[in-house]
2 protein chains.
Amino acid sequence: MLRRRTGPPTLEEVAALAGVGRSTVSRVINDAAGVKDTTRRAVQRAIAELGYVPNLAARTLAGRRADAVALVMTEPDWRQFGEPFFSEIVRSVGDALTETEVQLLLTLVRTDAERQRLVEYARGGRVDGVMLMSVHAEDALPDMLAEVGLPTVLLGRRSGDESVTYVDADNVGGARSAVAHLLDTGRRAVATITGPSDMYVAQCRLRGYREALERAGVEGRPSWTVEGDFSADSGHRAMAELIERAPEIDGVFAASDTMAAGALNALRAAGRRVPDDVAVIGFDDFPLAQHTDPKLTTVRQPLEEIGHTMVRLLLEEMEEPTVAWRHVILRTELVVRGSA
Amino acid sequence: MLRRRTGPPTLEEVAALAGVGRSTVSRVINDAAGVKDTTRRAVQRAIAELGYVPNLAARTLAGRRADAVALVMTEPDWRQFGEPFFSEIVRSVGDALTETEVQLLLTLVRTDAERQRLVEYARGGRVDGVMLMSVHAEDALPDMLAEVGLPTVLLGRRSGDESVTYVDADNVGGARSAVAHLLDTGRRAVATITGPSDMYVAQCRLRGYREALERAGVEGRPSWTVEGDFSADSGHRAMAELIERAPEIDGVFAASDTMAAGALNALRAAGRRVPDDVAVIGFDDFPLAQHTDPKLTTVRQPLEEIGHTMVRLLLEEMEEPTVAWRHVILRTELVVRGSA
DNA sequence: TTGAAAGCGCTAACAT
DNA sequence: ATGTTAGCGCTTTCAA
């Protein structure tokens, strides 16, 4: 590091210049009570004059916290990064933190080397807590962090009995209400395009679909369920397959709006009118729907609230560490727009 | 897993368990030479047994570096975040760092409070260097960092005489070659949709446009230049305006492919055939063009190389701090696809 | 090849 | 209200 001549100004130098003791300076920069106003001023003047900035490493080492939290994105498929879903989460997490003294650190974990580096970084005490997005079922990262007592919050669950604190949307309920809506509006043969069956979120949405059918006394058929991978392309292919093998369907619930958009295209390409012949509802990965079809009815996830809640849980856990993990499931909302 | 008994294991505890001194353990974890092989093994065993991870704050304080760099995104308009341009840069920077011990920290700076927080974070010694993306002309952040001797690299310039080390694409040359291509392929009345005139990058691309016209001996008209804001919408509006006030144009150079996409739509809406009636070239914010029009001819920026170069410059500067700032301008490439 | 000891700059008891 | 002091966990001379 360049400076090291005398190095950057230290608290001690400030104290000397202000003619006070170290601890007084410490009190001033930490807004502690019990400093005479004139003294405080003198110290502040010295700080300004020297351009003093506290050494965070020293502060952390001396027992206080790192005043930083990490928002980790574990995504091998890098293109996900640009998705509105993520940028929306990042934005809301940033918003929730903007009032605090806590610095938000976004980090990427793609390879095992990066995973290892992150663990060392976090365990090394550089952050006070970690939020993880898009964690896959087999990923041990959350456990590696939580087990060491580092406050950790997950966005979504890896499975039905997730042990780490998490915030999730009510995927089952959301799917159920979407399908119920289709049935309520006169559709009978409602199909579904699911997400990858090894993802818990996809399982939940499929469960919701099934529950809605069951509650309405509709006998679903195996041919009404096709698996996609959340991408628009897969939605297109799945829809084409549905048209082929179950021409009777008049409603579709897609486990993501991206797939819903693909399905819409496939329907139109096949000459089916939407929503007259077939109605489509997608599970909303948020503002994306607006880019694809502004009239697509969707199940909206409360992304803003998810971000805020993650931050709240994390800060709470940082404040007073608990052994009890907490799980929050947020309600979704069915947004009915023109074309469903 | 038991923890927090006395806190996480320290180097000292490792030393005790291994039956050696502190410094020996330090040497082992830092891969320093001069440790007998059997000793090294013993230490490693102790480390594993205790699950020891070095305290990074202590390490940093003791004089070594933070082993982290920040990639800062200063973007009030948050929606930019999802742009392929940024995700591509983030990806390539991450790639360039993946082999190193350096942790990449992405941070967002939207408000002044966040700006301040970042400065304190960086000056506080938590990162060894900073890369900044999408810095606006009036932003003093780069200076605030560079002036304290913190290695700093900019993506793009704030003005013609940028003082902080930067990496930029050859915007003038890229624009020139795009327009030259249009002229070479028989277009005469080539218009341009510029970016915001207060952004240096937009100025450069406009300059390139003008230079190309001049070199070809084509007399440009004021009505051939319309200002957009890099968004697709603005491209659409600008094109509509061009059609209106300069119906003679048969070629358009847009300062971003996003605007080019908007322009394309406007042209088609107006019944102009593309590229038969009007050819369009956009300055590529990278993979985006593929989402809009796979046949759109574009000026491609070497984003991968930009990211790598930023990292290289930063690491070099971290290695041995220089007073001399360095500027790198990378060549662009005209990618001719079907429809130009 | 190894250990002992002196800080790195700060916070937080504890004195005053 | 303020100063003194003892660490926080590590790296790094300097001896041995």
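So you know, we letter chains A, B, ... as the sequences are listed, proteins then strands, and number each from 1. Worth saying up front: this structure is predicted, and the values here are computed from it rather than measured.
In this structure a side-chain-to-backbone donor-acceptor pair under 3.5 Å is missing from E88(A) to F85(A). Judged purely by atom type and a 3.5 angstrom limit, D128(B) uses its side chain to pair as donor or acceptor with the backbone of D67(B). With hydrogens and angles ignored, the 3.5 Å screen pairs a side-chain donor or acceptor of E114(A) with a backbone N or O of R110(A). Q116(B) places no side-chain N or O within 3.5 Å of a backbone atom of D112(B) that could act as its donor or acceptor partner.
Proximity of residues 22-33 of chain A to DNA chain D (heavy atom under 4.0 angstrom from any strand atom) is restricted to R22(A), S23(A), T24(A), R27(A).
Note: CZ (R59(B)) to P (dT11(D)) measures 5 Å, nearest angstrom. In this structure, the CG atom of D67(A) is 10 Å from the P atom of dT11(C), given to the nearest Å. Straight-line distance from the CZ atom of R41(A) to the C1' atom of dA1(D): 17 Å, rounded to whole Å. Between the CG atom of D37(B) and the P atom of dT1(C) there is a distance of 11 Å, rounded to whole Å. Taking atom CZ on R65(A) and atom C1' on dC8(D), their separation rounds to 17 Å, with Å as the unit. When rounded to the nearest whole Å, the span between CZ of R40(A) and C1' of dT2(D) equals 13 Å. Counting to the nearest Å, the P atom of dC10(C) and the CD atom of E12(A) are 9 Å from each other. Atom CG in N55(A) sits about 18 Å away from atom P in dC8(D), given to the nearest Å.
T39(A) comes within 4.0 angstrom of the backbone, heavy atoms only, and of no base.
The structure places CZ of R158(B) at 12.0 Å from NE2 of H136(B), a figure rounded to the nearest 0.5 Å. Here the straight-line distance linking atom OG1 of T74(B) with atom CG of L141(B) works out to 7.0 Å at 0.5 Å rounding.
Listed candidates were dG3(C), dT2(D), dC10(D). Nearest to the side chain of V35(A) is dT2(D). Proximity note for L11(B) (side chain, C-beta onward) versus dC10(C), dT11(D), dC8(D): the nearest is dT11(D). When the nucleotides dT2(C), dT11(D), dG9(C) are ranked by their closest atom to the side chain of A62(B), dT11(D) comes out on top. Of the candidates dG9(C), dT2(D), dC10(D), dT2(D) carries the atom nearest the K36(A) side chain, counting heavy atoms from C-beta on.
Side-chain atoms of R117(B) and T107(B) include no donor-acceptor pair closer than 3.5 Å.
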